[in-house]
Number of protein chains: 2
Amino acid sequence: MADSGSPGGETLLFLTDEQLRKGIEAMFFAYRAFTADPDRLLEEYGYGRAHHRALHFINRQPGLTVTTLLAVLGVTKQSLNRVLRTLIEDGLVESRVGTRDKRERRLHLTAEGETLERALSEAQRGRMRSAYRAAGPQAVAGFRQVLEAMMGPDLHKLYQMMKDD
Amino acid sequence: MADSGSPGGETLLFLTDEQLRKGIEAMFFAYRAFTADPDRLLEEYGYGRAHHRALHFINRQPGLTVTTLLAVLGVTKQSLNRVLRTLIEDGLVESRVGTRDKRERRLHLTAEGETLERALSEAQRGRMRSAYRAAGPQAVAGFRQVLEAMMGPDLHKLYQMMKDD
DNA sequence: TTGGATAGTCAACAAGGCTGACATAAAGTC
DNA sequence: GACTTTATGTCAGCCTTGTTGACTATCCAA
């Protein structure tokens with residue numbers, strides 16, 4: 001191989017421990033900013049980040065079962081149930097008994113739930129949009145590539161389960 | 001406008017709400033994987049993620065003050081102090097009174113602290129390295145660009161304060 | 001000498017993870 | 001039909017890690 005793209009050459013400087021550390025720190029700081037906007041909104045409603053995550057994925061896959069949501073969120077059912085219970089009590093989420101399998105609970109957002117989800121999502125998308133716009137389409141493609149490689153096969157499967165563009 | 005590279009044309013499809021949502025989910029899943037490896041290690045030692053973060057930044061900037069670390073981590077001093085106290089008691093971190101300003105406590109890792117930090121860092125860098133390698137240098141550049149744009153000016157300042165490559 | 005900055009401590013509380021134990025209903029199996 | 005498995009929910013209790021508020025001590029600088 002000529003020069004660029006050759007393994008072991010200068011092109012591997014991006015795999016330096018120092019470069020990796022900067023990447024780690026970038027993830028740390030960016031994730032903090034990433035959650036800051038919805039967190040502010042959630043506080044007004046008396047909810048936490050866990051509620052946001054539940055609302056997000058119920059919105060993405062209306063009618064998903066509790067077990068599926070459990071797998072997507074990666075928490076215990078007790079932990080999810082606490083969050084889900086308040087959302088149902090407050091009328092943001094509706095839990096319908098499954099038609100084929102009556103053990104299942106299929107989760108849907110109510111109109112009110114959709115309103116909050118939209119507000120949270122818009123807050124988060126706002127930051128994401130300006131970051132995307134500032135970095136440009138090619139950078140965004142790279143961003144997605146690295147994140148997808150980082151999440152590993154199991155999480156990538158869940159990631160792809162979500163409704164695509 | 002023509003077609004490629006023109007603002008407002010098809011090249012802005014990466015700013016779609018659906019694209020932004022996928023980016024949000026990629027951050028969510030990738031961050032989970034990102035913390036999973038060190039978390040496993042930490043559990044063996046009876047520490048949490050907060051301890052990891054403290055060790056990381058003390059290692060990066062040996063001799064930093066508590067106030068600086070507070071700003072970098074974005075938590076209250078009570079919260080940090082609890083973590084810092086256990087690390088000092090366990091002999092992983094040393095707190096030296098400042099020479100010029102004796103109010104300051106300058107934080108350093110002990111040899112034992114460096115050992116744990118290295119183990120945690122290596123676990124985390126391992127995943128980062130394979131993601132970088134899989135995605136390639138151009139993708140990595142885009143990844144960093146988007147994250148830096150996402151963190152906003154305040155966090156970007158802290159980010160740049162950290163020792164560069 | 002007084003005011004502000006830096007550091008630490010104590011107490012109390014909340015969110016949101018976790019485990020373990022147990023209950024119920026539905027579905028599947030033998 | 002009896003038994004097992006699956007899906008869900010619930011109770012109790014624990015841990016980490018964040019929060020606020022109040023208070024102390026030290027030191028620097030005006």
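Just the heavy atoms: all of them, side chains too, but no hydrogens, waters or symmetry mates, feed the values below. All chains are named by letter (A, B, ...) in the order of the sequence lines, taking the proteins before the strands, and each is independently numbered beginning at 1.
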Think B:Arg85 has a side-chain N or O under 4.0 angstrom from the OP1 or OP2 of C:dT9?
yes
How long is the line joining CG of A:Leu70 and C1' of D:dT6, in whole Å?
13 Å
Compare side-chain N and O positions of A:Arg103 against OP1 and OP2 of C:dT24 and report whether any pair is under 4.0 Å apart.
no
note: A:Arg106, atom CZ; D:dA7, atom P; distance rounded to Å ~ 12 Å
Per A:Lys77 side chain, nearest of listed nucleotides D:dG18, D:dT10, C:dG8:
D:dT10
What's the NZ-C1' distance between A:Lys102 and C:dA26, to the nearest Å?
9 Å
Of the candidate nucleotides D:dC27, C:dC18, D:dT10, which contains the atom at the shortest distance from the side chain of A:Arg82?
C:dC18
Parallel, tilted or perpendicular, as decided by the 30° and 60° cut-offs, for the rings of A:Phe57 and B:Phe29:
tilted
For atom CD of B:Gln138, is the number of surrounding heavy atoms from other residues, nucleotides or ligands below 6.0 Å larger than 12?
no
Compute whether any side-chain donor of one residue and acceptor of the other, for B:Tyr45 and B:Asp90, lie under 3.5 angstrom apart.
no
To the nearest angstrom, how far is B:Asp39 atom CG from C:dG17 atom P?
13 Å
Please determine whether a side-chain nitrogen or oxygen atom of A:Thr76 lies at a distance below 4.0 Å from atom OP1 or OP2 of C:dC18.
yes
Which nucleotide, D:dG9, C:dG17, D:dT19, lies nearest any side-chain atom of A:Arg53?
C:dG17
Both B:Thr65 and B:Gln78 contact DNA chain C. Which one's nearest nucleotide lies toward the 5' end?
B:Thr65
Give a yes/no on whether any side-chain N or O of B:Arg32 is located under 4.0 angstrom from OP1 or OP2 of C:dG17.
no
Could you state the atom-to-atom distance from CZ of A:Arg100 to P of C:dA26 in whole Å?
17 Å
Rounding to an integer number of Å, can you tell me how far B:Glu104 CD sits from D:dA25 C1'?
16 Å
What is the separation between atom CG on B:Leu84 and atom P on D:dT17, rounded to the nearest whole Å?
13 Å
Side-chain N or O of B:His51 versus OP1/OP2 of D:dT17: is the shortest distance under 4.0 Å?
yes
A:Leu42 CG to C:dA14 C1', straight-line distance once rounded to whole Å:
15 Å
Start at the 5' end of DNA chain C and walk down; is the nucleotide closest to A:Arg49 or to A:Thr99 reached first?
A:Arg49
Do B:Thr65 and B:Thr68 have side-chain atoms, one donor and one acceptor, less than 3.5 Å apart?
yes
Basic-acidic side-chain contact under 4.0 Å: A:Arg60, B:Glu18
yes
